[in-house]
Amino acid sequence: MSVNVKTQPVLQVSGIRKTYPGEAEPLVVLDDVSLTAYPGELVSIIGPSGCGKTTLLRIIDGLIPHDGGQVKVLDQVVDEPPTSIAVVFQDGRLLPWRTVVQNVEFALELQVHRRLNKQEKERAREFVDAVGLGNFMKHYPHQLSGGMQQRVGVARALARVPDLLLLDEPFGALDAQTRLVMQDWFLSLQRRYSLAAVLVTHDIDEAVYMSKRCVVLTRQPGRVKRVVEFELPDARDRQDVRSLPEFGHYRSQLWQLLRDDAISDAER
Ligand SMILES: Nc1ncnc2c1ncn2[C@@H]1O[C@H](COP(=O)(O)OP(=O)(O)O)[C@@H](O)[C@H]1O
Ligand SMILES: [Mg+2]
């Protein structure tokens, strides 16, 4: 019986095409983009700046329309923002006038459209605890470091108990060391909740370290250039996977795929 549960994808993106109205002619941003994520799986998307990664996440979340193809979450076609998806942005996007726990409560208020009951408030506190901020419940965003703010963003997303988590360069604004800490921290959380997640990143090492599979997009229009599967030991945070020869192999494979687009970007 569990066979079906295991093999049913949480997310199926097939043949997505997206065009924005341009100045002279329409700008094709995404062309025939497909990807799949299974339960408990973290899939990364990497590609040059402007190749349509954020646009793709918005389409998956049903926030903007596409011009062709289909997005399905747990076999339901997405045509408006589903409650089963939560998003973490690069900048925490916290409400500055609300405390940490109130920011997480806000996500639940949006779901239930009324004041929270005691049980729901307790759930908000649990998720603040889960991201290690139990001692900062009543702090305001400006009293927190960038990494802590991102944790609140993740707590807010998790509190909705989503089937799918979308992360748009969630650690991109953090310093290099904090980013490494956050990667391990997020991986352990993702495993604990067996979450399916799509991670957009411009960081090659982050893609190899965090995901099982990476979808490499081309520069405008964004097309799938290659899907690279990483065969690396599980429980990655418990050993120094970055020093394995395979890690270096995958890193250079991704760089080969991205290099030409990156060079033409740098020369523009
Ligand atoms: N609302 C919009 N209207 C017109 N063009 C847009 C809009 N949003 C994004 N674009 C353009 O679409 C392309 C892809 O943008 P985006 O999805 O943000 O890329 P990425 O996240 O990969 O950097 C860029 O060229 C951007 O300028
Ligand atoms: Mg973006």
Side-chain angles (χ1 to χ4, degrees), residues 11 13-37 42-71 73 78-81 85-94 146 149-150 153-154 156-157 164-176 179 182-183 186 197-208 210-211 213-228 254-268:
L11 173 70
V13 173
S14 8
I16 286 294
R17 184 181 161 83
K18 174 70 186 173
T19 308
Y20 284 122
E23 273 167 30
E25 53 190 49
L27 176 70
V28 182
V29 177
L30 294 169
D31 185 21
D32 194 19
V33 173
S34 301
L35 68 102
T36 310
L42 197 156
V43 178
S44 59
I45 300 177
I46 201 164
S49 175
C51 76
K53 303 180 293 295
T54 296
T55 300
L56 181 60
L57 289 194
R58 287 201 183 119
I59 290 171
I60 293 174
D61 197 21
L63 283 172
I64 57 170
H66 53 69
D67 304 302
Q70 193 179 57
V71 177
V73 173
V78 172
D79 44 20
E80 57 179 37
I85 299 183
V87 189
V88 178
F89 304 95
Q90 178 170 350
D91 47 350
R93 300 209 189 167
L94 305 178
Q149 292 186 23
Q150 278 308 76
V154 173
R156 186 180 52 188
L164 177 67
L165 193 59
L166 305 177
L167 302 118
D168 195 356
E169 308 202 16
F171 313 131
L174 305 176
D175 67 78
R179 195 183 310 160
M182 293 286 284
Q183 288 170 357
F186 180 78
V198 176
L199 168 78
V200 163
T201 179
H202 57 256
D203 180 338
I204 291 175
D205 281 43
E206 184 165 282
V208 181
M210 304 256 317
S211 61
R213 191 140 38 87
C214 179
V215 178
V216 183
L217 296 181
T218 58
R219 188 165 151 248
Q220 227 163 61
R223 292 194 182 100
V224 177
K225 187 163 198 175
R226 188 84 59 84
V227 178
V228 184
L254 287 191
W255 174 234
Q256 296 288 334
L257 289 164
L258 289 166
R259 189 173 54 187
D260 293 344
D261 286 339
I263 289 171
S264 47
D265 266 347
E267 285 172 350
R268 267 197 299 180

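Remember, it's 1-based here, ligands and their atoms both numbered in the order they're listed.
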In terms of residue, atom name and distance, what is the protein heavy atom nearest to atom 18 (O) of ligand 1?
Thr54 CB, 3.8 Å

Would you kindly specify which portion of Val29 sits under 4.0 Å from ligand 1, judged on non-hydrogen atoms: side chain, backbone, both or neither?
side chain

Quick check: are there more than 12 heavy atoms from other residues, nucleotides or ligands sitting under 6.0 Å from CZ of Arg58?
no

Identify the protein heavy atom lying closest to atom 19 (O) of ligand 1, giving its residue, its atom name and the separation to 0.1 Å.
Gly52 N, 3.2 Å

Distance-only, no hydrogens or angles: does the Arg213 side chain make a donor-acceptor pair with backbone N or O of Leu35 under 3.5 Å?
no

I'd like to know if Gln220 contacts ligand 1, where contact means a heavy-atom distance under 4.0 Å to any ligand atom.
yes

Pick from Pro21, Gly50, Gly47: the one approaching atom 23 (O) of ligand 1 most closely through a non-hydrogen atom
Gly50

Out of Ile59, Thr55, Leu30, indicate the one that has the non-hydrogen atom closest to atom 16 (P) of ligand 1.
Thr55

Using atom types as modelled and distance alone, determine if a side-chain donor or acceptor of Lys53 lies under 3.5 Å from a backbone N or O of Ile45.
no

among protein heavy atoms, the one nearest atom 10 (N) of ligand 1 is Tyr20 CE1, 3.3 Å

Does Thr218 reach the main-chain N or O of Arg223 with its side chain, forming a donor-acceptor pair under 3.5 Å?
yes

Test item: Glu169 side-chain N/O and Leu199 main-chain N/O as donor-acceptor pair under 3.5 Å:
no

Contact check: Lys53 vs ligand 1, nitrogen or oxygen atoms, below 3.5 angstrom:
yes

Per-atom contact, atom 27 (O) of ligand 1, protein heavy atoms, under 4.0 angstrom:
no

Indicate yes or no for a side-chain donor-acceptor contact from Gln220 to the backbone of Val28 under 3.5 Å, with no hydrogens or angles considered.
no

If we only count heavy atoms from C-beta on, is the Met182 to Val154 side-chain gap below 4.5 Å?
no

N, O or S from Thr55 under 2.8 Å to the Mg ion (ligand 2):
no

Do any nitrogen or oxygen atoms of Cys51 come within less than 3.5 Å of a nitrogen or oxygen of ligand 1?
yes

Any heavy-atom pair between the side chains of Cys214 and Leu254 that's under 4.5 Å?
yes

